[in-house]
**Student:** 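Dumping the structure here so I can ask a few things about it.
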Amino acid sequence: MRRCGVKWMRVADVLARRGIDVGGAVCVKGWVRSNRESKADGGLCFVTISDGTCFDPVQAVVRADAAGFANAQRLTAGCAVEVEGTLVESQGKGQAVEIAATAVRVVGWVDDPETYPVSNKRHTFEYLREVAHLRVRTNTFGAVARVRHCLSFAVHRFFHERGFYYVHTPIITASDCEGAGQMFRVSTLDLLKLPTRSRPDGGREVDFSQDFFGKEAHLTVSGQLNVETYCSALSRVYTFGPTFRAENSNTSRHLAEFWMIEPEIAFADLHADADLAEEFIRFLIDTVLTERADDMRFFEERIEKGLIARLRHVLETPFRRLPYTEAVELLRRAADKGAKFEFPVAWGTDLQSEHERYLTEEHFKQPVVLMHYPKSIKAFYMRLDDGCAPGRETVSAMDVLVPRIGEIIGGSQREERLDRLDQRLDEMKLPKEDYGWYRDLRRYGTVPHAGFGLGFERLMLFVTGMQNIRDVIPFPRAPKQADF
RNA sequence: UCCCCGAUAGCUCAAUGGUAGAGCAACCGGCUGUUAACCGGUUUGUUGUAGGUUCGAGUCCUACUCGGGGAGCCA
């Protein structure tokens, strides 16, 4: 590969004048965003070039005496170029500095400019989803990609700085005890020639002992049960990895493949868990506002007016913590006073989306942490609250609700008492033998512990103001959607 | 999975059951330190798929596919 004669720099550094100043020689490489040609001054082209390193492209001014001028005149959106020149103060408005080009080299042309899928104009997000391999070249998806990176690193930094260890929990699981919805099967059996064996009742069933793992295997729906084992030795741990749900969910808030962050802390109760969740969300917002100010300004201006004020409000206001029972009373009073709910509010049933939205968007207008849900609507591993009235048993669960998104975090203090855990397994008709290693944790040095799960893409929606979860992950997987 | 809405040029959208249109993009020309540039011109169609009704269907009916909004499941 040919090298530039002068120093090749990232556009982000050129525009910020890091390692270069006006008058310096520079080379940039990237993709053309726009090209405007002028006949003034003997002919010149204004070529804006993005290399994805920051929101703004850099403008190169190519005059007729520059090497490669004839090619520069033919540049269209999407062409890959190298530009050499001098950094100068811009004579035009809209940019402080620009590159006075001495040479332009076209690295890759666009075959057919008329049908280039992301030409220089407005496109709907639905359309761009159909060209997911090219949509990252747009303002919006470039910004999404950089914010996603920024938040990913912030997640690791937050936990690392607080003494948490990052645990790689398995993607494939042969235990059928995670119990969080439909799972994707993992198998190497020939679907056209499935081995079968007889069941005790005389029927036939697939013989998974002949499958790759010797038993049924699936993609994980949660790393929590596995990460609890490491928590019971390393004290403070977290996972951050892909998660899979085979639910037929067709919404703007669900994916079949998404990334989840699951911290788990030992010697901790539900309030320590909520403290952690709150500090965590604040840290992430603060980081992205500081490190991706350029992209966040774009989201504020073009995606959601008031976004930055909304995020700053979250930074400055403590989350409102509220027991489920009080939330139900509050919602019933609101309904009496005229709040329009499609579904009734009753103790013992899960809150509907409209109820959650009322609490966080209308009543409190801030993130809300709902705690101590009825045990009947929560998972077996959540800790039974002490001192409950008969018929009003609750568990130490918490959901963090935020405006616009609804539930962004679900967590709980875990049941660390073996007898209570076994009681819950029995009540929910779950076979104890499937939970051998999980029950062992309660037999060998059990401790109170707690954790939560945060859907990374939902965090992205909350932080960017984007509306559809399929637009905040590079290549979305959802029912009937696994292209690219 | 359920309810509602939609699918027409490369993109965004028009078109009373009666000849398929505009803006943008692209291309050509004009003007211009341009920047959502502007002005003039040119090119662009299996109207999502399969049936049906009708003299005639982009338009009406049925099914399917895909997309959007809402709900459920949840993160």
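Throughout, protein chains are lettered first and strands after them, A, B, ... in sequence-line order, and every chain is numbered starting at 1. Keep in mind that what you see is a predicted model, and the values were worked out from it rather than measured.
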**Student:** Is there any salt bridge (charged side-chain N to carboxylate O under 4.0 Å, His left out) pair reaching into residues 44-69 of chain A, and which pairs are they, with sequence neighbours excluded?
**Tutor:** A:D41-A:R63

**Student:** Grab the CZ-C1' distance between A:F244 and B:A75 for me, whole Å please.
**Tutor:** 14 Å

**Student:** Is there a side-chain polar atom (N or O) of A:T124 under 4.0 Å from OP1 or OP2 of B:U12?
**Tutor:** yes

**Student:** Taking the nucleotide of RNA chain B with the closest heavy atom to each, which residue, A:R357 or A:A77, is nearer the 5' end?
**Tutor:** A:A77

**Student:** Parallel under 30°, tilted from 30 to 60°, perpendicular over 60°: which one fits the rings of A:H372 and A:H271?
**Tutor:** tilted

**Student:** Please pick, from B:A26, B:A71, B:A75, the nucleotide with the shortest atom-to-atom distance to any side-chain atom of A:F343.
**Tutor:** B:A71

**Student:** Any donor-acceptor pair under 3.5 Å linking the side-chain atoms of A:T173 with those of A:T220?
**Tutor:** no

**Student:** Taking the six-membered ring for Trp and the full ring for Phe, Tyr or His, determine whether the centres of A:F125 and A:F141 are under 6.0 Å apart.
**Tutor:** yes

**Student:** Roughly how many Å apart are B:U35 and B:G67, using the C1' atom of each and rounding to a whole number?
**Tutor:** 34 Å

**Student:** Distance check, C1' atoms only: B:U12 and B:U44, in whole angstrom units.
**Tutor:** 15 Å

**Student:** For B:A71 and B:U59, measure between their P atoms and round to the nearest Å.
**Tutor:**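 Those two atoms are separated by 33 Å.
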
**Student:** Touch check for A:R63, heavy atoms < 4.0 angstrom, all strands: base, sugar-phosphate only, or nothing?
**Tutor:** base

**Student:** Take atom C1' in B:C74 and the same atom in B:G51, then report the distance between them in whole Å.
**Tutor:** 40 Å

**Student:** With P as the reference atom in both, quote the distance from B:A15 to B:A9 in angstrom, rounded to an integer.
**Tutor:** 15 Å

**Student:** Measuring to OP1 and OP2 of B:G72, would you say a side-chain N or O of A:Q352 lies under 4.0 angstrom away?
**Tutor:**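 Answer is yes, contact under 4.0 Å.
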
**Student:** If you check every side-chain atom of A:Y127, which of B:G72, B:A75, B:C11 has the closest atom?
**Tutor:** B:C11

**Student:** Counting the atoms with a prime plus P, OP1 and OP2 as sugar-phosphate, which does A:I409 contact under 4.0 Å by heavy atoms, base, sugar-phosphate, or nothing?
**Tutor:**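 Contact class for A:I409: sugar-phosphate only.
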
**Student:** Measure across A:A397 and A:S412 and return the closest heavy-atom pair with its distance rounded to 0.1 Å.
**Tutor:**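 In this case the closest contact between A:A397 and A:S412 is CA-CB, 3.9 Å.
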
**Student:** In the 5'-to-3' direction, what one-character label does each nucleotide of nucleotides 38-46 of chain B receive under the scheme B = base within less than 4.0 Å of a protein heavy atom, S = sugar-phosphate only, - = no such atom?
**Tutor:** ---------

**Student:** Just call it for A:E98: base, sugar-phosphate, or nothing, with non-hydrogen atoms closer than 4.0 Å on any strand.
**Tutor:**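 Base, at least one base atom sits under 4.0 Å.
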
**Student:** Write down the partner of B:U1 under the Watson-Crick or G-U wobble criteria, each distance required to be under 3.5 Å.
**Tutor:** B:A71

**Student:** With both distances under 3.5 angstrom, what nucleotide forms a Watson-Crick or G-U wobble pair with B:U32?
**Tutor:** none

**Student:** Expressed as a whole number of Å, how far does the P atom of B:U54 sit from that of B:U47?
**Tutor:**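 Each nucleotide's P atom is 22 Å from the other's.
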
**Student:** For the pair A:E278 (side chain) and A:F319 (backbone), establish whether a donor and an acceptor sit closer than 3.5 Å, ignoring hydrogens and angles.
**Tutor:** yes

**Student:** Please determine whether any donor N or O and acceptor N or O are separated by less than 3.5 Å between the side chain of A:Q95 and the base of B:U34.
**Tutor:** yes

**Student:** Relative to the ring of A:Y166, is the ring of A:Y238 parallel (under 30°), tilted (30 to 60°) or perpendicular (over 60°)?
**Tutor:** parallel

**Student:** Taking only side-chain nitrogens and oxygens of A:R302, does any of them come within less than 4.0 Å of OP1 or OP2 of B:A36?
**Tutor:** no

**Student:** Have a look at A:E354 and say if it touches a base, only the backbone sugar-phosphate, or nothing, with a 4.0 Å heavy-atom cut-off.
**Tutor:**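 Result for A:E354 = nothing.
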
**Student:** Can you tell me how the ring of A:F280 sits relative to the ring of A:F452, calling it parallel under 30°, perpendicular over 60° and tilted otherwise?
**Tutor:**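 Correct class here is tilted.
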
**Student:** Go through the N and O atoms of the side chain of A:S249 and the base of B:C74, and report whether any donor-acceptor pair is under 3.5 Å.
**Tutor:** no

**Student:** In whole Å, what separates the C1' atom of B:G58 from that of B:A7?
**Tutor:** 11 Å

**Student:** If I pick the C1' atom on B:G68 and the same atom on B:A57, what distance separates them, to the nearest angstrom?
**Tutor:** 26 Å

**Student:** Within the 4.0 Å heavy-atom criterion, would you say A:V61 contacts the bases, only the backbone, or no part of the nucleic acid?
**Tutor:** base

**Student:** Of the nucleotides B:C73, B:C27, B:G10, which has the atom closest to the A:T76 side chain?
**Tutor:** B:C27

**Student:** Within the side chain of A:T360, is there an N or O that forms a donor-acceptor pair under 3.5 Å with the backbone of A:E356?
**Tutor:**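 Checked: no pair found.
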
**Student:** For A:R292, does its backbone N or O pair with a side-chain atom of A:R297 as donor and acceptor, under 3.5 Å?
**Tutor:**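 No, the answer is negative, given that no donor and acceptor are paired below the 3.5 Å cut-off.
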
**Student:** Does a side-chain N or O from A:R458 land closer than 4.0 Å to OP1 or OP2 of B:A75, or not?
**Tutor:** no

**Student:** Please determine whether a side-chain nitrogen or oxygen atom of A:S353 lies at a distance below 4.0 Å from atom OP1 or OP2 of B:G72.
**Tutor:** yes

**Student:** Nearest to the side chain of A:H254 - B:A26, B:U35, B:C74?
**Tutor:**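 Within the option list, the nearest is B:C74.
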
**Student:** So what's B:G10 paired with, Watson-Crick or G-U wobble, going by both distances under 3.5 Å?
**Tutor:** B:C24

**Student:** Could you tell me how far apart A:Q73 (CD) and B:G29 (C1') are, to the nearest whole angstrom?
**Tutor:**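 A:Q73 atom CD is separated from B:G29 atom C1' by 14 Å.
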
**Student:** Does the structure show A:F258 stacking with B:A75, if we require the centres to be closer than 5.5 Å and the planes to be within less than 30 degrees of parallel?
**Tutor:** yes

**Student:** Which part of the nucleic acid, if any, lies within reach of A:G453 when heavy atoms closer than 4.0 Å are counted: base, sugar-phosphate only, or nothing?
**Tutor:**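 The residue A:G453 makes sugar-phosphate contact but no base contact.
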
**Student:** Write down the distance between CG (A:L401) and C1' (B:A75), rounded to a whole number of angstrom.
**Tutor:**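 Atom CG in A:L401 sits about 12 Å away from atom C1' in B:A75.
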
**Student:** Please tell me which of the listed nucleotides, B:U34, B:U32, B:A75, lies nearest to the side chain of A:S90?
**Tutor:**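 Of the options given, the side chain of A:S90 lies nearest B:U34.
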
**Student:** Decide yes or no, distance alone: a donor-acceptor N/O pair under 3.5 angstrom between the base of B:U34 and the side-chain of A:Q59.
**Tutor:** yes

**Student:** Establish, from distance only, whether the side-chain atoms of A:E262 and A:Q224 form a donor-acceptor pair under 3.5 Å.
**Tutor:**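 Note: A:E262 and A:Q224 side chains miss the donor-acceptor criterion.
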
**Student:** State whether the number of non-hydrogen atoms from other residues, nucleotides or ligands found under 6.0 Å of A:R302 atom CZ is greater than 12.
**Tutor:** no

**Student:** Produce the list of close N/O pairs, under 3.5 Å, pairing protein atoms with atoms of nucleotides 63-69 of chain B; give distances to one decimal.
**Tutor:**
residue	atom	partner	partner atom	Å
B:G68	OP1	A:R129	NH1	2.0

**Student:** Just checking, any donor-acceptor pair under 3.5 angstrom between side chains of A:R470 and A:Q481?
**Tutor:** yes

**Student:** Just to be sure I understand the rule, does A:I408 reach a base, reach only the sugar-phosphate, or reach nothing, if contact means heavy atoms closer than 4.0 Å?
**Tutor:** sugar-phosphate

**Student:** Specify the separation, in whole Å, of atom CD of A:E356 and atom C1' of B:A71.
**Tutor:** 13 Å

**Student:** Given that both distances must come in under 3.5 Å, which nucleotide forms a Watson-Crick or G-U wobble pair with B:G18?
**Tutor:**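 Check on B:G18: paired to B:C55, both distances under 3.5 Å.
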
